[in-house]
Amino acid sequence: MKIFIDSADLEEIKQAYAWGVCDGVTTNPSLMKKAVDKLVAKGEKLDIKEYITRLLDTARGTPVSLEVTEYSASAMIEQGKRLYDMFNNVAENVNIKVPVNPAFKNDDITHFDGLQAVCALSEQGIPVNCTLIFTPEQALLAAKAGAAYVSPFAGRIDDMLRKNAGMKFEKTDYFPAEGIKRDEVLLDDDGVVSGIDLVEQCVDILGLYEFGVEVIAASLRNPRQAREAALAGSHIATLPFGVIRDMLKHAKTFEGMELFTRDIVPEYVAMLK
Ligand code: G3P
């Protein structure tokens, strides 16, 4: 499984690449805002074009998703092309993130414009990461429209299932891939029992056909979910920096380090100076 970092924070991205575990970057408007707010809070002057250029350079030629902020098909296509033309020459690694359905509510006329933008941009050779996927059917349609990547949001499905069941939880709490029962009934959203189940169903369905699309398990909040995304056969998991860092932690690793350190023979260290 490839690992992308789900962040627009240059320091985090640099660190993840320095660890040698990063195969790409995903950003979205919320992550971009967080990174920009951090810069501004530090008193740094923001040049967004220069910032994105640095981000693309840092990713060393691996894919970076930049998201459109428009809603209509024509505006998303226009903005996607502009983003691609403006930045792809930096490191030839830009893909454009387009919501599968940019509507805010059920009767919004932009209901189908996401697919149209996915199709038009893909036909022009611009790789598209189709985002905000919450059903396997949305993933199937995005793949048919030509998306290079589809991004099912696992954690947000888990949030919804727990919220609807009136459960209290923290954002990073583990939610079992096999789902949770309440009063002997398995919680589900139209046949999806967990975020990881959503990822697995997307992988299974798209794997039956030859779309050449890759599934990016997104909205993952803890190491165990990253493990389960890998077990589900997700091509890619996009992980916040904190999750990548937490994947390195184990009490016995810490304890082992302490014990080994206690036993170090001074001559051994001296020899290596
Ligand atoms: O990649 C999507 C991701 O940024 C959303 O994550 O934790 O806000 O649901 P989250």
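Whatever order the structure lists them in is the order used to number ligands and atoms, beginning at 1. Keep in mind it's a predicted model, so treat the numbers as computed, not measured.
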Under 3.5 Å, is there a donor on one side chain and an acceptor on the other for Glu178 and Ser194?
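Absent: no donor and acceptor within the cut-off.
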Could you verify whether a donor N or O on one side chain and an acceptor N or O on the other, from Thr26 and Asp6, lie under 3.5 Å apart?
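Side chains of Thr26 and Asp6: pair found under 3.5 Å.
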Any carboxylate oxygen within less than 4.0 angstrom of a Lys/Arg side-chain nitrogen, looking at [X] and [Y]?
X      : Y      : result
Lys33  : Asp37  : yes
Lys252 : Glu255 : yes
Arg221 : Asp159 : yes
Glu44  : Lys38  : no

For ligand 1, what are the residues with a heavy-atom contact below 4.0 Å?
Asp6, Asn28, Leu31, Phe153, Arg156, Lys171, Ala218, Ser219, Arg221, Thr238
